[in-house]
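To start, the structure itself, in structure tokens.
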Amino acid sequence: MEPLKVALLGSGSVGTQVARLLTAHAEELALRVGAPLELIGIAVRRLEVDRGAGIDPSLFTTDAPELLKRADLVIELIGGIEPARTLILDALASGASVVTGNKALLAEHGPELYEAADRGGVELYYEAAVAGAIPLLRPIRESLAGDRVQRVLGIVNGTTNYVLDKMDTAGLGFAEAVAQAQALGYAEADPTADVEGYDAAAKAAILASLAFHTRVSADDVHREGITSVTAADVASAKAIGAVVKMLAICERVVAADGSEGVSVRVHPAMVPLSHPLASVREAFNAVFVEAEAAGELMFYGRGAGGLPTASAVLGDLVSAARNRVGGSRGPGESTYAQLPLRPMGEVITRYHISLEVADRPGVLATVSKVIAEHGVSIETVRQQQFPAAGTDAGGQDRASLVVVTHSATDAALEATVSALAGLDSVAAVVGVMRVEGEN
Ligand SMILES: NC(=O)C1=CN([C@@H]2O[C@H](COP(=O)(O)OP(=O)(O)OC[C@H]3O[C@@H](n4cnc5c(N)ncnc54)[C@H](O)[C@@H]3O)[C@@H](O)[C@H]2O)C=CC1
Ligand SMILES: N[C@@H](CC=O)C(=O)O
Ligand code: NA
């Protein structure tokens, strides 16, 4: 059988490992595909960089458009929107199947890329784009194609999990933990994408699109990053037997009139230690998928890092290559449901509210009354030592009050916090964080 020509775009953390594995395992991969996979070139920005990994230096080129023209299969690992978008569109138009790990691009331009793949009669695969090495998109798209997914909940960003874990268990500062995640190859080229939640939002959009057969873009996702998470929040979580995690939550929601919609959000939240997500450490990811018939499924593994991510890329490459050898195509985009996106205010959640209050009789009653007036009920209320753990604020006439609510709409909880902030007896709202995951 004629070799299939593979062009690789990008030789960074992931691309270098893909090139290495493609070369090292060439014989086995050929047997699995039914044809040799010939790496015909690697597009890079600068030729003079030493990339090691035993890659033939003659493969490197700075002319990505020219390289694409000769390829049957293209792997895009440069990241970002342009030139990745144009290069992928050109590859699909020229009849090459494409494998990418580029969640930012998929969450913004997914439909355009799918349409180009359809027009070209080729495939677009991106298992690496969400939760790195973890097989997650294929199970949702294929294994669960006969079921109805209700909810996808998990940790999908390795960098933020690493940072929060190091703040919690090693007492590391935010900046130091981010620098470590960068050095380990977990972070995006610009780590703002990780810590501000853009990366998780893109992944959540991809997950929701596949799970609910609905086009969801990154802009549809309610996004809050971890830059405002303080050492005090981490300490407050500990005090209630929880840990702070950056979550992605995609839910099928039913309105009062029975119509279905979708809500998608990413934000930090306190997760009880008894919940399996609480023990996800370092840059690991874990995702729960709840489906009507299957019930709860859990996916766990390395969500970031060059080598683990390369595994997902090569899995997709083998699939696309096999289909090419067999003259078949895998499933394309499925958006028949087109469920409406529901606003954040309708989401049902719980809040952990940390207040600095006047230390005098009647304050607790006033705070409780305001909470009740908003239709919110209290799960626990606690007067903490003052100053509260992890803070250095304080005054002798002040007390620290921590309220954990029962479930209510996010809008009601937000209004509750605003009303509390306006009380004379409340000196400051020290911290507010959602609490997710059953005890
Ligand atoms: N690092 C990780 O853990 C994971 C990364 N991804 C995704 O995989 C992709 C690659 O990520 P990394 O390897 O971590 O990024 P990286 O920043 O280490 O590598 C990207 C490489 O592409 C090169 N590049 C940029 N523009 C180029 C151009 N026009 N032509 C040729 N080369 C160009 C850069 O010089 C760099 O060497 C991104 O889309 C990222 O979101 C997905 C899952 C995990
Ligand atoms: N920057 C991302 C890389 C994988 O998608 C992360 O930290 O999860
Ligand atoms: Na994956």
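Atoms within a ligand are numbered from 1 in the order they appear, just like the ligands themselves.
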Report the part of [X] in contact with ligand 2, treating N, CA, C, O as backbone and CB onward as side chain, heavy atoms under 4.0 Å; options are side chain, backbone, both, neither.
| X | result |
| --- | --- |
| Asp199 | side chain |
| Thr159 | both |
| Ala181 | neither |

Can you tell me if [X] contacts ligand 1 (heavy atom of the residue under 4.0 Å from the ligand)?
| X | result |
| --- | --- |
| Ala129 | no |
| Pro83 | yes |
| Gly305 | yes |
| Leu9 | no |

Could you name each residue pair satisfying ring-ring contact (aromatic ring centres under 6.0 Å, His included) that touches residues 303-339, not counting sequence neighbours? His213-Tyr336
Close aromatic pair by centroid cut-off 6.0 Å: His406 and Tyr351: no
Taking [atom] as the reference point, the nearest protein heavy atom with its distance:
| atom | answer |
| --- | --- |
| atom 10 (C) of ligand 1 | Leu77 O, 3.5 Å |
| atom 44 (C) of ligand 1 | Thr309 OG1, 3.2 Å |
| atom 6 (N) of ligand 1 | Lys103 NZ, 3.5 Å |
| atom 21 (C) of ligand 1 | Gly12 N, 3.8 Å |
| atom 39 (O) of ligand 1 | Gly79 CA, 3.3 Å |

Using the side chain to side chain donor-acceptor pair (under 3.5 Å) rule, pick out the option among Lys166, Lys245, Arg281 that qualifies with Asn161. Lys245
Donor-acceptor contact present, side-chain [X] to main-chain [Y], <3.5 Å:
| X | Y | result |
| --- | --- | --- |
| Lys238 | Asp168 | yes |
| Glu127 | Leu136 | yes |
| Thr16 | Ser13 | no |
| Thr61 | Ala43 | no |

Would you mind telling me if ligand 1 is within reach of the side chain of Ile78, the backbone, both or neither, using heavy atoms under 4.0 Å? both
[atom]: which of [options] has the nearest heavy atom?
| atom | options | answer |
| --- | --- | --- |
| atom 41 (O) of ligand 1 | Glu127, Glu188, Gln182 | Glu188 |
| atom 43 (C) of ligand 1 | Ala64, Ala128, Gly10, Ala84 | Ala128 |
| atom 2 (C) of ligand 1 | Ala187, Gly185, Gly306, Ser13 | Gly185 |
| atom 4 (C) of ligand 2 | Met246, Gln182, Lys103 | Lys103 |

Number of protein N/O/S atoms that sit closer than 3.0 Å to the Na ion (ligand 3): 5
Set out, in order, the CA-CA distance, both residues' side-chain angles and the distance that settles side-chain hydrogen bond (donor to acceptor under 3.5 Å, both in side chains) for Asn323 and Glu123, then state yes or no. CA-CA 9 Å; Asn323 287 348; Glu123 295 180 302; 2.7 Å; yes
Taking the six-membered ring of Tyr126 as reference, does the NZ or CZ atom of Arg141 fall below 6.0 Å from its centre and within a 45° cone about the axis? yes
Can you confirm if the NZ or CZ of Arg223 lies within 45° of the ring axis of Tyr198 and under 6.0 Å from the centre of its six-membered ring? yes
Ring pair (Phe, Tyr, Trp, His ring centres under 6.0 Å) assessment of His109 paired with Tyr114: CA-CA 9 Å; His109 296 283; Tyr114 268 122; over 10 Å; no
Between Glu251 and Arg265, is the closest basic N to carboxylate O distance under 4.0 Å? yes
Between Arg350 and Glu379, does any side-chain N to carboxylate O distance fall below 4.0 Å? yes
Single hit among Glu112, Glu108, Glu76 for salt bridge (Lys or Arg N to Asp or Glu O under 4.0 Å) with Arg85: Glu112
Output yes when the distance from some N or O of ligand 1 to some N or O of Val14 is under 3.5 Å, and no in every other case. yes
